[in-house]
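I have placed the structure first, in the form of structure tokens, so that the comments after it can refer back to it.
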Amino acid sequence: MNTPSSLSFEDLERVYALLAETIDGLGPEREALFLSKLTLVLAQALGDFETVTRAMDTARRDLD
Amino acid sequence: MHIPDAPRQDSLYFTYPVFPFTRPVEMDGERPLHDVVIVGGGPVGLVTAIELARHGVRAVVLESKSSVSDGSRALAFSRRSQEIMHGLGITTRVQAKALSWTEGRSFYRDKIIFRLSMPRSAEERFGPMINLQQCYLEKFLVERIADADLAELRWCNQVTGATQTADKVTISLDTPEGAYQLDARYVIAADGARSALRETFGLRMSGASHEGVYLIADIKIDSALPTERHAWFDPPSNPGATMLMHKQPDGLWRVDYQLREDQDPEVELQPERIKARIQSHLDLIGETAPWELEMSSLYKAHCICLDDYRHGRVLFAGDAAHLVPIFGVRGLNSGIADANNLAWKMASVLSGGSADRLLDSYSAERRPATLEIFEQATKSTAFMTPPSRGYRLLRDAALSLALSQPWAGELANPRQSQPYDYADSPLNAETDDDAVFTAGPRTGAPLADARLTDGNHLLDHIGPGPTLLGFGLDKQGPDLDWPGVKWPGVKRLAVSRSAAPAPDTLADPHGHLFERFGATEDCCYLIRPDGHVAGRWRTYDPGVVEAALQRLFAA
Ligand SMILES: Cc1cc2nc3c(=O)[nH]c(=O)nc-3n(C[C@H](O)[C@H](O)[C@H](O)COP(=O)(O)OP(=O)(O)OC[C@H]3O[C@@H](n4cnc5c(N)ncnc54)[C@H](O)[C@@H]3O)c2cc1C
């Protein structure tokens, strides 16, 4: 998944903290809806079906 | 009457020395005004005492115990701390005992997700990290002080209170032979996390304390595992929590594991319980050797510090000034840097060479260093012990991804402590050419070491006072070189392109040092007594360097 356009480590950390805090702010009952919306928004911004499905495969691994 | 507890005699590896009480002059009617008294003979107090001696000041150290640290406690020492220890004259003792390490591994459940690798370069005398039990470090420091009679160590002296006026501090003590008082021009409070002086002066530390309770245990085991930092997230032996292992000298291992919220710390501290949990972890990693338990204790991560490390004539250092989480080897390494920063300033003020306000810069430099540690430590701690649901979800996502995506494993990096650059220090030269340099340590940073053609190291030639490192300045002939810097005690060290230069000049025939320091002919670095760069210039101008020295020493 490390494409030429990947985030710098600093930015990855910032996204990590921002997401954690946003989820905390929303509360558990809204978090699944928020994360699903976020995925759609990111997919739309990415504009590439293949990359999105590959990302879904990566995220589906090692779930238990 | 204060009679300290006798040190333990049943350690599996360490013989605790016992230091007797000796009657101080104050108990026989004398009342000298001491230049500087250090409260606390822990590692920070002892390092400060030796640093002061290097700068010509003999300190009195007041220690309530009759021996060294009870147990291994702070374990890992950074390269910067090793360099500072080298200046203290304890390298032979330390390196003969310590274990050097450069690698680490982090596991999620039982699979590896991150490899820590700290480069070791031939330029530097010391490796990036060593492990040594705190009781050994303190023993070596005490031996060094005793061998060269560098300070007056007063064992079994417990400070019970203090007051200060505009020109002195009066300390009250209790000893095996009763109470007494002493006077000092300045006091360094290195009396640890429960600082009596902080209490006496009503000072409070503020900041945040993190979730999570950890159990720390030392075990003695004859294991073939290498000296590396090993960390496990959610291992089968401690589901839902973390586990850390670190090797120490004498066949000891530090095992550090997190307790879950549903686990009662008092129950977990029972030796049978500890033994069972450690055994299950050793089983997991395939370790079959028999082992014994040396010690255990509980630990909680704090990020708290004083608002100002100076309170009139009292300066706080080490755990008395700040408490930081131990992950990433931050605790004692920052206390050693405090001592290194404070001692030369104190010595210069006591000798009359500097105004008292130089001591304000101690807090101005070291407190931001603490705040930076808080920032790094808060991130590592949030990964080890997520403080909320959001952080837990993200942490678990990162761990799960890390099994297949190396970039996600980076998030599990323990972020080992780095030396702090005093980039915004009020002591840095007002005008220098720092921004123009393309290599070399920046203004405020500790001077980088370099290997010389004779196999020795650059750092050996620096200090103990200020050092002016001039590149190519020797070529101008004996009359023209280095005109004009008349600062007392400045050591002038030229780097020469000649292979056989004059004495006190470093040979650099291949231009290796020039390159490492981004230097051109006539360029110079001004180095502080603590080894940090105070300013660097493209061309040597004695007037400019004089002005920088004046600022550096608050003269
Ligand atoms: C169980 C444990 C494990 C730790 N593990 C780590 C680790 O892995 N890594 C790490 O970096 N750090 C660790 N630490 C923290 C580390 O030990 C401290 O950061 C370090 O000891 C600080 O040194 P210091 O000299 O400032 O304080 P201290 O070592 O606490 O020394 C203070 C000294 O002052 C003396 N004193 C106190 N009050 C008085 C008084 N009223 N009068 C006279 N003397 C007094 C004490 O007896 C002591 O000798 C650990 C600490 C503990 C307790």
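Below, read A as the first sequence line, B as the second, and so on, with proteins coming before strands; counting in each chain starts at 1. None of these values were measured; they are calculated from a predicted model.
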**Item:** Parallel, tilted or perpendicular, as decided by the 30° and 60° cut-offs, for the rings of Tyr299(B) and Tyr214(B)
**Value:** tilted
Pick one of side chain, backbone, both or neither for [X], based on which atoms fall under 4.5 Å of a heavy atom in chain A.
{"X": "Leu411(B)", "answer": "both"}
{"X": "Leu394(B)", "answer": "both"}
{"X": "Ala408(B)", "answer": "neither"}
{"X": "Arg395(B)", "answer": "both"}

**Request:** Ignoring hydrogens and angles, state whether a donor on the side chain of His210(B) or Thr381(B) is under 3.5 Å from an acceptor on the partner side chain.
**Result:** no
**Message:** Do Glu124(B) and Ser121(B) pair up side chain to side chain, a donor and an acceptor below 3.5 Å, judged on atom types alone?
**Reply:** yes
**Prompt:** Salt-bridged, Arg14(A) to Asp11(A), with N to O below 4.0 Å?
**Reply:** yes
**Fill in**
Heavy-atom closest pair (Ala43(A) atom, Val52(A) atom, distance to 0.1 Å) is CB-CG2, 3.7 Å
**Request:** Determine the minimum heavy-atom distance between Met129(B) and Ser78(B), stating which atoms define it.
**Result:** SD-CA, 3.6 Å
**Message:** Using heavy-atom distances under 4.5 Å, tell me whether Phe9(A) contacts chain B through its side chain, its backbone, both, or neither.
**Reply:** side chain
**Prompt:** Taking only heavy atoms into account, what residues of residues 22-34 of chain A are found under 4.5 Å from chain B?
**Reply:** Ile23(A), Asp24(A), Pro28(A), Glu31(A)
**Request:** Please confirm whether Arg442(B) makes a cation-pi placement over Phe437(B), using NZ or CZ under 6.0 Å from the six-membered ring centre and within 45° of the ring normal.
**Result:** no
**Request:** In sequence, state the C-alpha distance, the side-chain angles, and the governing distance for Phe233(B) and Phe383(B), and then conclude on ring-ring contact (aromatic ring centres under 6.0 Å, His included).
**Result:** CA-CA 10 Å; Phe233(B) 294 94; Phe383(B) 202 85; 5.3 Å; yes
